[in-house]
Amino acid sequence: MTELKQQKCEACSSKSQPITQAEIEQLKPQIPGWEILEREGVLRLEKVYKFPNFKSAIAFTNAVGEEAEKEGHHPALLTEWGKVTVSWWTHAISGLHKNDFVMAAKTDAIMNSQFS
Ligand SMILES: C[C@H](O)[C@H](O)[C@H]1CNC2=NC(N)=NC(=O)C2=N1
């Protein structure tokens with residue numbers, strides 16, 4: 001099976017199917033450290049990345065933003081001194097879609113290839 005980080009996001013609409021529990025269990029090992037949590041009634045994937053300063057944190061934030069624009073799927077990004085909190089969910093369905101797992105894996109790939 002193609003690794004999550006190499007997959008593309010599919011176009012989403014309000015009719016898109018949320019990810020199933022079985023798919024979550026199958027895919028979760030590919031995104032270590034990502035938590036599934038509920039905020040304001042919506043399930044999200046969330047991870048905090050650590051950096052040595054603000055400059056690298058904002059550079060990472062921008063790199064994730066570039067990838068989001070390429071894929072047409074956008075995160076919430078909170079940039080602070082020494083850390084960036086990344087949250088993925090699918091606005092169109094107010095929940096988790098496979099796209100969020102693809103983007104979480106791509107976010108890890110950006111961190112691993114350019115920032116660690
Ligand atoms: C028209 C455009 O493709 C949509 O509004 C996209 C943009 N980026 C998006 N990002 C996320 N995370 N969820 C969406 O439903 C979404 N929709």
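When a ligand or atom number is given, it counts from 1 through the structure's own listing order. Position 1 is the first residue of the sequence, and the numbers go up from there.
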### Query
Under 3.5 Å, N or O to N or O, is W89 touching ligand 1 that way?
yes
### Query
With only distance considered, is H74 within less than 3.5 Å of ligand 1 through an N or O on each side?
yes
### N99 side chain to E10 backbone, donor-acceptor under 3.5 Å
yes
#### Entry: Expected output: side-chain E71 to main-chain M103 donor-acceptor under 3.5 Å
no
Are any non-hydrogen protein atoms located under 4.0 Å from [atom]?
atom                    : value
atom 8 (N) of ligand 1  : yes
atom 17 (N) of ligand 1 : no
atom 11 (C) of ligand 1 : yes
atom 1 (C) of ligand 1  : no

### Query
Counting only heavy atoms not in K28, do more than 12 sit closer than 6.0 Å to its NZ atom?
yes
### Message
Does Q6 have more than 12 heavy atoms from other residues, nucleotides or ligands lying within 6.0 Å of its CD?
### Response
yes
### Nearest neighbour in protein (non-hydrogen) for atom 13 (N) of ligand 1
H91 N, 3.1 Å
### Message
Tell me the protein heavy atom at minimum distance from atom 3 (O) of ligand 1, and give that distance in Å.
### Response
G72 O, 4.2 Å
#### Entry: Sub-4.0 Å heavy-atom approach of W88 to ligand 1
no
### Task
For the residue pair V64 and P75, establish whether any side-chain heavy-atom pair is separated by less than 4.5 Å.
yes
#### Entry: Close side-chain approach of V84 to V48, heavy-atom, < 4.5 Å
no
### Summary
The answer for which part of A92 has a heavy atom under 4.0 Å from ligand 1 is both
#### Entry: Basic-acidic side-chain contact under 4.0 Å: D108, K47
yes
